[in-house]
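Model, not experiment: these values are computed from the prediction. In the text below, chain A, chain B and the rest are named by the order of the sequence lines, each starting its count at 1.
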Amino acid sequence: MSDQPSSAPTRPVVTRIAPSPTGDPHVGTAYIGLFNYTLAQQAGGKFILRIEDTDRNRLVPDSEKRIFTMMQWLGLTPDESPLQGGPNGPYRQSERFDLYGDYARQLVASGAAYYAFETAEELTALRDAAQAEGHVIAVPSRELDAQDAQQRMDAGAEAVIRLKVPHDGETLVSDVLRKPIAFQNREIDDKVLLKADGYPTYHLANVVDDRLMGVTHVVRAEEWITSTPIHVLLYRAFGWPEPVFAHMPLLRNADKSKISKRKNPTSVEWYQQQGYLPEAMLNFLATMGWTHPDGLEVFGLAEFQRVFRLEDVTLGGPVFDLAKLNWLNGKYLREVLSEDDVARRLHAYLQSQKHELPLDDYFRAVVKMLTPRIEVFSEFLDKTGYFWTEDYPVNEKAHKAIDDARLLLPELASRLKNLPTFDAASIKEAFGTFAEEQGLKLGKVMPPVRAAVAGTMESPDLLSVLETLGRERVVARIERAARPA
RNA sequence: GCUCCCAUCGUCCAACGGUCAGGGCAACUGAUUUUCACUCAGAAGACGUCAGUUCAAUUCUGACUGGGAGUACCA
């Protein structure tokens, strides 16, 4: 009754992510979400967001909402979730509380699980001893007479329910991405299914909910591989068919360890605040463990959906390389989004960061000049200070450039002041004739102007900068720089 | 310790028995330019080791080594 899951093509695909609301919305959740969303989308199925909040101790109140917001930001909005509801709700495990006890007791009744009365201290001792001898913990309560155990329960004893894992044989885990994985049952300990507080553990809740919600494909991180035999055993104990399993590689730090807060920004909110584009983020995540068959580096969700195949995922743990993400984000700014999109989205970003700049032609002109010079939005203000204030910093190199050419400045200012039209072409001509008259190269004339006007030697094309700033500001700045310090 | 997973340039991937082992990012060198970028061009850079199978192994098998994950009344 519980043989192969072998993906029957007619079965509707239902996928899910089941994060626990214990902190910041994690990039790993987004990563796994991308694949689950895509798989469901490809098959015209459903993608569910279920909140696994069975650990009351680690619960972070607004975490659930932030996870949902992250998924929306990325464009991976689930079909069903605690915030939207759906036919399979509730989608918060804490709200399904009663369910798990019933199912756990059903297993006790059928002999597939048992009440266990060991205290935390006893377990620690047992575990230490077991490890010293190189085998898995044996829980004494397993040997208790079922009748006696039930009596103790009726008398109000505190207990957990544990899975009675067979002593012999092996449990085979099928995984779309690798060969069948064999676990010796003697190596699997009797996992707790229902905690003393009545809440289920992940193992129980996960299997029960996946079953009840009709989940057909369990695509999750590799860290779950070793607990999958427990899940398989549970499906069998309940007499339910297994879903299709696929364990994705873990995102890694540069040192190859599992990606962590200490060594990488792991909160998707951080990327949002830095001004990364969700489409770049998604594109980047898609290339972790997978590449486009035609070698495309830049592609969107729709294209990903068109060509992605689970079987093509590679299993080496991909290092999360911020440099590549940065490049990709810059690529989107320069080549994928239109000028207008960039301006509008940058403006929205700045607003979200509490910087009020008008979305006008001036702003658009600055954005256009800066687009090839930034990779993420957070760099924008740092590089454009002199466009927004007269009180911009002047760095050392700029000071020097001004000092070296201070005598030229007054004349330059006056010529610019008297130009019939103040546009890039006229300014260029003015510089040209001035340089010629002075017997100087343009390379002697333009740097001090740049320094005066921007306070830095690194800026967009000077002529465009001048035209954008406008005659008034430019002349004033050059005159100000001309005055000895 | 035990169990399990993984293994191509620094990094992300391609090549799925026969190729000078290919591309992207990063780093490097040039070109262009009024600076910085962008862009373009170029060079550099890898099959972990040892067996076995085969006419032929990066590719298949095994061992080893290395890396990773799990080992909770956390998920």
Check nucleotides 41-46 of chain B against the protein and report each pair of N or O atoms closer than 3.5 Å, with its distance, or say if there are none.
none

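- A search for salt bridge (Lys or Arg N to Asp or Glu O under 4.0 Å) contacts involving A:Arg334 returns nothing, not counting sequence neighbours.
- A:Phe431 comes within 4.0 angstrom of no nucleic acid atom, judged by non-hydrogen atoms across all strands.
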Go through it in stages, so that I can follow the logic: the residues are A:Phe284 and A:Phe320, the test is ring pair (Phe, Tyr, Trp, His ring centres under 6.0 Å), and I'd like the CA-CA distance, side-chain angles, deciding distance and then a yes or no. CA-CA 9 Å; A:Phe284 174 65; A:Phe320 192 92; 5.0 Å; yes
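- If A:Thr287 and A:Pro460 are placed on RNA chain B by their nearest nucleotide, the residue sitting closer to the 5' end is A:Thr287.
- Residues passing the salt bridge (Lys or Arg N to Asp or Glu O under 4.0 Å) test with A:Glu436: none are found, sequence neighbours excluded.
- For A:His26, there are no ring pair (Phe, Tyr, Trp, His ring centres under 6.0 Å) partners at least two apart in sequence or on another chain.
- Taking the P atom of each, B:rG22 and B:rG30 are spaced 25 Å apart, rounded to whole Å.
- Below the 3.5 angstrom threshold, one finds no donor paired with an acceptor across the side chain of A:Arg373 and the base of B:rC38.
- Between the side chains of A:Ser257 and A:Asp255, a donor-acceptor pair is found at a separation under 3.5 Å.
- For the salt bridge (Lys or Arg N to Asp or Glu O under 4.0 Å) test, residues two or more places apart in sequence or in another chain that qualify with A:Arg309 are A:Asp312.
- Between B:rC47 and B:rA15, the distance separating the two C1' atoms is 11 Å to the nearest Å.
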Taking only distance into account, with no hydrogens and no angle test, what donor-acceptor pairs under 3.5 Å do side-chain atoms of residues 366-373 of chain A form with protein atoms, sequence neighbours excluded?
unit_1: A:Thr371; atom_1: OG1; unit_2: A:Val367; atom_2: O; d: 2.7
unit_1: A:Arg373; atom_1: NH1; unit_2: A:Met369; atom_2: O; d: 2.8

What string of B, S and - do you get for nucleotides 68-75 of chain B, 5' to 3', if B is base contact, S is sugar-phosphate-only contact and - is no contact with any protein heavy atom under 4.0 Å? SSS-SBBB
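- The nearest whole Å value for the distance from the CE atom in A:Met369 to the C1' atom in B:rU33 is 17 Å.
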Indicate every side-chain donor-acceptor pair of residues 126-141 of chain A with a distance under 3.5 Å to a residue at least two apart or in another chain.
unit_1: A:Ser141; atom_1: OG; unit_2: A:Phe117; atom_2: N; d: 3.0
unit_1: A:Ser141; atom_1: OG; unit_2: A:Glu118; atom_2: OE1; d: 2.9
unit_1: A:Ser141; atom_1: OG; unit_2: A:Glu118; atom_2: OE2; d: 2.8

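- Between the C1' atom of B:rC25 and the CD atom of A:Glu335 lies a distance of 14 Å, rounded to the nearest Å.
- Residues from residues 312-334 of chain A that place a heavy atom under 4.0 Å from any atom of RNA chain B, listed by number: A:Thr314, A:Leu315, A:Gly316, A:Gly317, A:Pro318, A:Val319, A:Asp321, A:Ala323, A:Lys324, A:Trp327, A:Arg334.
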For residues 179-187 of chain A, please give each side-chain donor-acceptor pair under 3.5 Å, one per line with the distance, not counting sequence neighbours.
unit_1: A:Gln184; atom_1: NE2; unit_2: A:Glu170; atom_2: OE1; d: 3.0
unit_1: A:Asn185; atom_1: ND2; unit_2: A:Thr171; atom_2: OG1; d: 2.6

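- Take A:Glu429 and apply the salt bridge (Lys or Arg N to Asp or Glu O under 4.0 Å) test, not counting sequence neighbours, and it matches no residue.
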Donor-acceptor pairs under 3.5 angstrom involving side-chain atoms of residues 393-400 of chain A: please list them, not counting sequence neighbours.
unit_1: A:Asn395; atom_1: OD1; unit_2: A:Lys397; atom_2: N; d: 3.2
unit_1: A:Asn395; atom_1: OD1; unit_2: A:Ala398; atom_2: N; d: 2.9
unit_1: A:His399; atom_1: NE2; unit_2: A:Val394; atom_2: O; d: 3.4
unit_1: A:Lys400; atom_1: NZ; unit_2: A:Asp404; atom_2: OD2; d: 3.0

